Each structure stands twice: as C-alpha cells, then as structure tokens.
Amino acid sequence: MARSITYREAINEAIAQEMARDERVIVMGEDNAGGAGSPGEDDAWGGVLGVTKGLYGKFPGRVLDTPISESAFVGAAVGAATGGLRPVVELMFIDFLGVCFDQIFNQAAKFRYMFGGKAVTPVVVRTMWGAGLRAAAQHSQSLLSVVTHIPGLKVVAPSNPYDAKGLLIQAIRDDDPVIFAEHKMLYDVSGDVPEESYAIPFGEANIVREGSNGHADVTIVAIGRMVNTALEAADELASSGIQVEIIDPRTTSPLDTDTILESVENTGRLVVVDESNPRCSLATDIAALAAQEVFGSLRAPIQQVTGPHTPVPFADSLEDLFIPDTTRVAAAVKTVVDHVG
Amino acid sequence: MSGDHDERILTVTMPKWGLSMTTGRIVEIHVAEGDTIAKGDDVLDIDTDKIAGTLESPVAGPVRRLVAEVGDELPVGAVLAVVAPAEVPDGEIDAVVAEAKEAAASGALEVPDEPQPQLVEIGGRTISYFTLTAEEPGGDPVVLVHGFGGDKNSWLFVQQPLAEHHVVHALDLPGHGASDKEVGDGSLTSLADTVVGFLDALGISRAHLVGHSLGGAVVAAVARSTPGRVASLTLLAPAGYSADADAEYLRGFAAAATRRELKPLVGRLFADPALVTRQLVDDLLRYKRLDGVDKALSVLLGTLLDGDRQAIDTRGLLAGVDVPVTVVWGTADRILPPPDDIGERVDAGHMVHMEAANDVVRVLRAHL
C-alpha cells in the first residue's frame, strides 16, 4: 500500500522485518544499544544517525553494542557469519574501511572461494558514504570503487527509500558478504515504500527516467545521491528539448552492464555522474565498459562528472563545489549533445 | 471553476484515472477549435503513469477553446477544453480560459475527496479493495475482479465512469495487489469463495460481477455456486472458454524476476506493445518482489494451466446457470485467443479494460 517513509525508516524497517522473520539476524555496531553499562533502551541511539533506533527494544539480546574497534567487531561479525548467524554490522563511515579492511577483503570476501564453496559468509556491512554533511575529509568519502574492486564482495548503493528497503532485505538474505552503502544525505528523503517485505535482486539496474515516447538523446548513469541530481538536471534539459534516460545501477557489484549498454546503444551518448574522486572510480569503470563494448554506437566522447582529485574539503563553500551539481551535469549533457563528430 | 460564468460554458477536464494519478500528459488531441462534439466523442489521448487512455467528451457543443497542448503535463481537474454555444461572447470564454490556466499553474485546483483502499477480513485473509460511489447510485453494485498477476488498479479507466451511476468495488484477489499473498490451494473454488465472502462482508445481496481473464472464470464460478447473488456477469477475455493459451507468457510472467525478462512479456498483453510504460513494468516488478508472490503465482499457474492448455472450463461452469452473461474479447488477444463462436469484439489485446476501456464501459452500461 502506498505509504511514504524516509530512507532511514526504510532501512530500519528492513532490518526489523528480517529480524522478525529469521532469528539468526543480529545487529552489531557502535551506539546501537546505549553502550556498555548504560541503562539501555533510553540511551539506545540506534547508531550515530539513529538508523537502528528502536531495534534494541524490539529484539533484546540481538542488538549488540561494540567498542570503537572496527577491526575487532567487523572481524567478529565475519566470524559469526561463518558460524551460522546473519549479522548486520554497522561501520559508521565507509572512511573507516581502512581499520577493518583485512577482515573484509582478505577474509570475508575469500572464504567461499578458498573453501571450495563449502563456507558462506552472510554478513552485511552497513556503512555511510558521501559528501555534504559538513563532516570533513575523514567522514565524507565515496569509497565504493575500493570495495567494488574486490571479487567476493557485493556492493549496494540505494538512491531512494524503496530501493533501500528491498536491497537491504536482499542483502540480509544473501549468502555472500555485502557492503551496504547508505548515502548520509539521503536519510531524510521520503518515498513510497510497501509495508510488506520484498527483495530487490542484485545486478538489476533501475531505469529511473525514460526519454519521451521511447526516444532519449543521452544516457546518464548516476550512483546514490547523484541519481537525484541527474533527475533535476534532466527536468531542466527536457524544457530545452533534450531527453535524458537515467540509469541507477543500484548495485555496483554485480553491475547490470546489459541495461547500461543497451541504453547507450539507443542514445549514442553517455554521461556518468559519480561524486567520488575521478581516478580509478565507478565513473571510469562504466565509461570504459561503454567504450569497449559499444564504441560503434557512440556519437560523442563519454563525459564523466565527478568530484575533483582532492580530499573532501571542510569549508562549506568548497564542499559544495566538490559535489557535482545539476549545472555541471546539464553542461556535460549539452557537451555530448552538441558534439559534432 | 467559480460559479459566476455563463452557465452555457462547459469544460472538459483532466480525469482521475486510478488511485495514483495526480497529473496526466496530453499525447494527442482529436478535436480542433470550432468543431462541434457530442458526448462520447474522443477528445484527447492522455498518458497516465501507467498507460495512455482516450478521454471521451462528457459534454456536447462547439469547442470554443483548446486549453491544453500536446506535451502538456496537467493536474487532475485542469481544464483541457472549453465548450459553449456560438452565442457566448469570446470575452467570456477567454475569462474562463484565463482562470483555468491560472488555476492549473498555481496548484490551486480543488482536489476531490480521494477515497482510499479499504481492508476486509475474508476467510482468515486480509483482502484489499477500493470503492467508488455515485452520488445517487442506482441498481445493484458492481464488483470488478482482475486477472492473473493483475490488481484492483487495472480498472483505472473503467471504475470511475461506471461509478457515475453505480457503487463500484474493485478488489485484489488473494496473492495479488495489497491482499494477503497466501492463496491456499489457489483453486477456482477458493478464489470464488473469496468473492462471495467479499459480498457477505460488505452486505451486498446481489451484484453485477465483472471479471477479466482469470477473474472472468472466478466470477463465473461465483455464478455457478451462488447464482442468486449475481445480477449479471461480464467476462472480459475470460479464462476457460477454449483450451488455447499463451502458456509461455503465463509461465514467463510467474517466473520473471527482472525488467529485462518482464517487459517483453508485458508487451504481449496489448495489441500495441508501445503502450507499456516504464511505470507499468515497474509497478509489476514491485508487486512481483513482494514476499509470497512467487509462490502465489506458481500455485495459481496450476489452476490456470494443464500442460500448455487451459485447465479451467468456464463454459462448463456456466452450463445451466440462469444469469445474463456478456463476453467481450479483444481481436488481438495473444494470451487467450478469442474463440470464434463467442463474444463481442473490441479493438484491443488481452487487456481490453485498459486498451479499449471506453468500449468496455459502453458494453457494461448497456446492461447494468
């Protein structure tokens, strides 16, 4: 039934419904349950931005507080997953990947492969990503390409509440380690979300916007919060007669290459919008994919709209400049449309 | 419209087709300024978030102004055309147009009270339904029953016009829409029991039953078991009139998990596959992802099919049943091909109530 809730609420609901459905699902992380020695529920913050708030009261004993020691508690979650639980562990910011990366990329990601399929590691690492919260260089990065690079990990980056719920349910039910990347600037965005449980399969891109009457001039592939930026730009461009098709990959690993390539074959023009740093990024990856596979369909050089190759600045004015905006996206679209080949 | 204009000035406004429609986009205009139109003439094609429909004129007279242009996206209730006799001065027409444009732009349109779907418990299941009621309803109420994989919203073009004179209910069968997804044995009898339970729950002693596809067989089974509750049957491309079926579609629809699998299948439902919008496919995917739907569809597939042939015999069910039956079929139905010997024909594919909604409404009005 049509009901509007926020991205934050959608994530919370997904965890609650899976915890109710499957007693093996547990939650681990910092400030989930109020901290050691606290009175409990009243102090249970639900993580730093309150995403898991309320779960501690509903599922006592299955929402665990951890010390500020990511290497220990992410490792514990990975171990619990191999032992039969289905932990949803919160890595507060994706920027803290460095302190627990061995547990993720050299352990969790390798078990199924190295044990010949006899071991599974159904762990979900929920983590915040992206710039815009005035949280400075160590809490604002978009390190999705780092985890996307690793075979054995699945990487999910929902751009709206409906996808957040369905993809998180899929992540919890999935037998492989999943990095579930929540864009911190989307938590208060609302959208229609069914009350019932549902799972969105991984590796299926969402066509967020189609051209007009089956025709589009340009394909935009955008990730996370940038999907909304692309949508705003597309509205502006439509009034000047340029039709844009927008594809949200939803999962960067596995990546739905077919949907992206089919669209580029139809439009002949590609703009990739990714707020991360430009080198070795999702933007370069998707641009290279199109250049290699559908070069003959391209009518203009591919454009990438990304952040600059710098840390995310702390000064508000500079952080705003860092993040791709509708003006830059629209300009890139005009560049590919105006290109004379 | 404020009431201080010449009463001879009539307007054609953006309809509300279906629960989720808030705006519509003008795709084609069939009339020109200066044309004289009759009630029921095609005026405009309007794209909703699901599918394009043709708006028939609710009024008659000379078209003095077309307020909408092709490509315009306008809110429900926005004035699209102004109809008035030639004697009404241009100045008055212009005033109406100016006011209409301002209202559409300002977002100040009066949004009619929006009825919401309701829930009712039937046989241990929660069943969702949506009711539209005429101000002065006449005769028995109408109950609309969708087909395999459909839901109550598929009646978007039909329910509102029927509700000008009747109370019209559209329900979600078990396993569908917002109803419980558990379908039990999924037999025709159990589905028919749900419809009878629905009549009981709403205190309806007798109703006109309208069913599409599998829903057609379901309402036929209701007439078989409880003929006294059925004022008439209208069967739209009903299951069980021959053994032929596009079994590949039915199995494919049940199995499809992705847009790429689903979209070409959904195209087979329509004479014109271009009618299938991104939103229509998205809505189906959203339904198919819900927990329990996979199982429900797979059980119901067993009710529909015996190998590659239809398992239901609706003709047999209706033999000797004394209820008026009207059958309507789309000439281009690829899912359940129309048998030669029965039914009115309309220009549509399997989804007659979406693709030839106005014809279906006309057929229904003729006997309701």
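Letters go in sequence order (proteins before strands), and every chain restarts at 1. What you see is a predicted model, and the numbers here were worked out from it, not measured in a lab.
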Task: Side chains of A/Pro194 and B/Leu290 in contact at under 4.5 Å (non-hydrogen atoms) - done: yes
Open item on the list: Using the salt bridge (Lys or Arg N to Asp or Glu O under 4.0 Å) criterion, which residues pair with B/Glu248? Sequence neighbours excluded.
Closed with: B/Arg268
TODO: Check whether more than 12 heavy atoms from other residues, nucleotides or ligands sit under 6.0 Å from atom CG of A/Asp235, and answer yes or no.
DONE: yes
Open item on the list: Please check if the number of heavy atoms outside B/Glu121 that lie under 6.0 Å from its CD is greater than 12.
Closed with: yes
- [ ] Of all the heavy-atom pairs spanning B/Ala257 and A/Pro201, show the shortest one and how long it is.
- [x] O-CG, 3.9 Å
- [ ] Considering only heavy atoms and a distance below 4.5 Å, find which of A/Arg21, A/Glu262, A/Gln170 pairs most often with chain B.
- [x] A/Glu262
Open item on the list: At a 4.5 Å cut-off on heavy atoms, which part of B/Lys288 comes close to chain A: side chain, backbone, both, or neither?
Closed with: neither
Open item on the list: With a 4.5 angstrom heavy-atom cut-off, is it the side chain or the backbone of A/Glu210 that approaches chain B, or both, or neither?
Closed with: both
Task: Distance, nearest 0.5 Å, that separates NZ of B/Lys263 from CD1 of A/Ile207 - done: 6.5 Å
Open item on the list: Nearest 0.5 Å, please: how far is CD1 in A/Ile169 from CG in B/Asp291?
Closed with: 6.5 Å
TODO: Please determine if B/Arg286 forms a cation-pi arrangement with A/Tyr198, meaning its NZ or CZ atom is less than 6.0 Å from the six-membered ring centre and no more than 45° off the ring axis.
DONE: no
- [ ] Using modelled atom types only, decide if a donor and an acceptor are shared between the side chain of B/Arg259 and the backbone of A/Asn206 within a distance under 3.5 Å.
- [x] no
Task: Salt-bridge criterion met for A/Glu196 and B/Arg289 (N-O under 4.0 Å) - done: no
TODO: Under 4.5 Å heavy-atom distance to chain A, tell me which part of B/Asp47 shows up: side chain, backbone, both or neither.
DONE: neither
